[in-house]
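Everything numeric in this text was worked out from a predicted model, so none of it was measured. When a ligand or atom number is given, it counts from 1 through the structure's own listing order.
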Amino acid sequence: MLNTQINSTENRSVLHVALRAPRDKVICSDGKNVVPEVWKVLDKIKEFSELVRSGSWVGATGKALKDVVAVGIGGSFLGPLFVHTALQTDLIFLLKPSYENLANVDPIDVARNIAGLDPETTLVVVVSKTFTTAETMLNARTLREWITAALGPKAVAKHMVAVSTNLTLVEKFGIDPNNAFAFWDWVGGRYSVCSAVGVLPLSLQYGFSVVEKFLKGASIIDQHFYSTPFEKNIPVLLGLLSVWNVSFLGYPARAILPYTQALEKFAPHIQQASMPLYFPSRLRVSMESNGKGVSIDGVRLPFEAGEIDFGEPGTNGQHSFYQLIHQGRVIPCDFIGVVKSQQPVYLKGEVVSNHDELMSNFFAQPDALAYGKTAEQLLSENVSQNLIPHKTFTGNRPSISLLLPSLNAYNVGQLLAIYEHRVAVEGFIWGINSFDQWGVELGKSLASQVRKQLNSSRTKGESVKGFNFSTTALLSRYLEVLEIPLPDKPLSLL
Ligand SMILES: O=P(O)(O)OC[C@H]1O[C@H](O)[C@H](O)[C@@H](O)[C@@H]1O
């Protein structure tokens, strides 16, 4: 039998393709076909989201719920946010409950998210694979407090639901297990947008039929990736280009530049699949999926792997960091354009439509990068000698251009799956484990040491100890001046 436990450092299968497989497909983990379980949860989401959208699911005081706050961070936040934002303008007529995303543990994020919301008409979706992530759980407790303070403890059953692999902790938290939507160990957090993590919030917003199209788009790419010869296989070609740029040409970064505002959250999502880490010993900058310093067998890599991803929608980026891309360091770019705009506008008397104006830039930028401008060309334009070095463009700067026919749920699913598989292709070639993320653990455990210190200093006046000189000084200073709300003076929420 095929060994699907390719995430060998966590003894986990990697099966996010099963999340979007057709009902009749057989995909096994530990000898068990997981597709029926996937569809059981999808059917449950369909039913629940229809109840909420139709107003049949009512809150503790009998009112329909009209706002959704999704609480989650990392993979339990960025993917759904990217898809939600991508479809927002296309499907504005379908958008039923409003959609807020609470990720940061900063109380400012809580306050901003619930500003103007009424607990009576709000549904909170707590999204956490582990149900132990410190930020998410504190935010969930804060919103539980917000709901119960207004509506009483029983209101949690009607106003809070959860998405998690850890249903025991969901129940312990006080959420009715009937209102929990499961997913599985074989879904990595950053690959979970096609599980209930993304499907529940998106179904609540746009309806289940839209989400089905999104899943179908991703599934089509899964089939393409599985069966298309390498020379025509989009994720394979893109992955090879990345490996070439990073490991052979030594370009450490990649700019993701969608020429559509609808994809404004795409680069942040891909960044999560590639969160930068810092290895002081080698000044290595790396990422969550492919940001590894060692091979899958634990041997230190003799080459650089992973890219530093960043990006902004065009044309905004053109007015900030493109200067460096054109004349400074070489940054391979992914240009993503769309043929048919979600929002066509053509003003009378204008030379082109607004979308054509945007796309003029999409076509121009890769050419400027590739071909540049020579001193000879500048001379022929009578540019003065002293400005020639400043106005010269070296060219020979790599980019790829993806042109999507439109940006609907189906195409968004395709785009997601292309990038997911591309990450895997790169990881396979580099010989690393693209599916673990041990690099995020150290910071978390040090934060828990700080948390203990803050508690003992605040409650018992204990002095700061056990930290290095710099952190001791900073912590002491922090404890000296910051006013905190005491238990008898509760944090007031907006
Ligand atoms: O979904 P959760 O268990 O709350 O995890 C949220 C996030 O936690 C960590 O930071 C991981 O590095 C991420 O990959 C994960 O998405």
Query - Any pair counted as ring-ring contact (aromatic ring centres under 6.0 Å, His included), so long as it reaches residues 197-223, sequence neighbours left out - result: His84-Tyr206

Report summary line: Heavy atoms of Leu263 and Ala86 approach each other most closely as CD2-CB, 4.0 Å

Query - Where Ala253 and Phe310 come nearest, the two heavy atoms and their spacing - result: CB-CE2, 4.3 Å

All N/O donor-acceptor pairs, side-chain side in residues 151-160, below 3.5 Å, sequence neighbours left out:
| from | atom 1 | to | atom 2 | distance (Å) |
| --- | --- | --- | --- | --- |
| His159 | ND1 | Pro119 | O | 3.1 |
| His159 | ND1 | Thr122 | O | 2.9 |
| His159 | NE2 | Ala60 | N | 2.9 |

Query raised in the report: Which one holds for Lys129 and ligand 1: side chain close, backbone close, both close, or neither close, with close meaning a heavy atom under 4.0 Å?
Result: both

Report task. Give the single entry among Glu441, Gln437, Glu288 that approaches atom 13 (C) of ligand 1 most closely by any heavy atom. Result -> Glu288

Query raised in the report: What atoms in ligand 1 come closer than 4.0 Å to a heavy atom of Gly74?
Result: 16 (O)

Report task. Let me know which of Ile175, Val170, Leu169 forms a side-chain contact (heavy atoms from CB on, under 4.5 Å) with Phe173. Result -> Ile175

Query raised in the report: Hey, is Thr130 touching ligand 1 through its side chain, its backbone, both or neither, going by heavy atoms under 4.0 Å?
Result: both

Report summary line: At under 4.0 Å between heavy atoms, what of Lys444 touches ligand 1? The answer is side chain

Report summary line: A student checking ligand 1 against Val440 at a 4.0 Å heavy-atom cut-off should list atoms 12 (O)

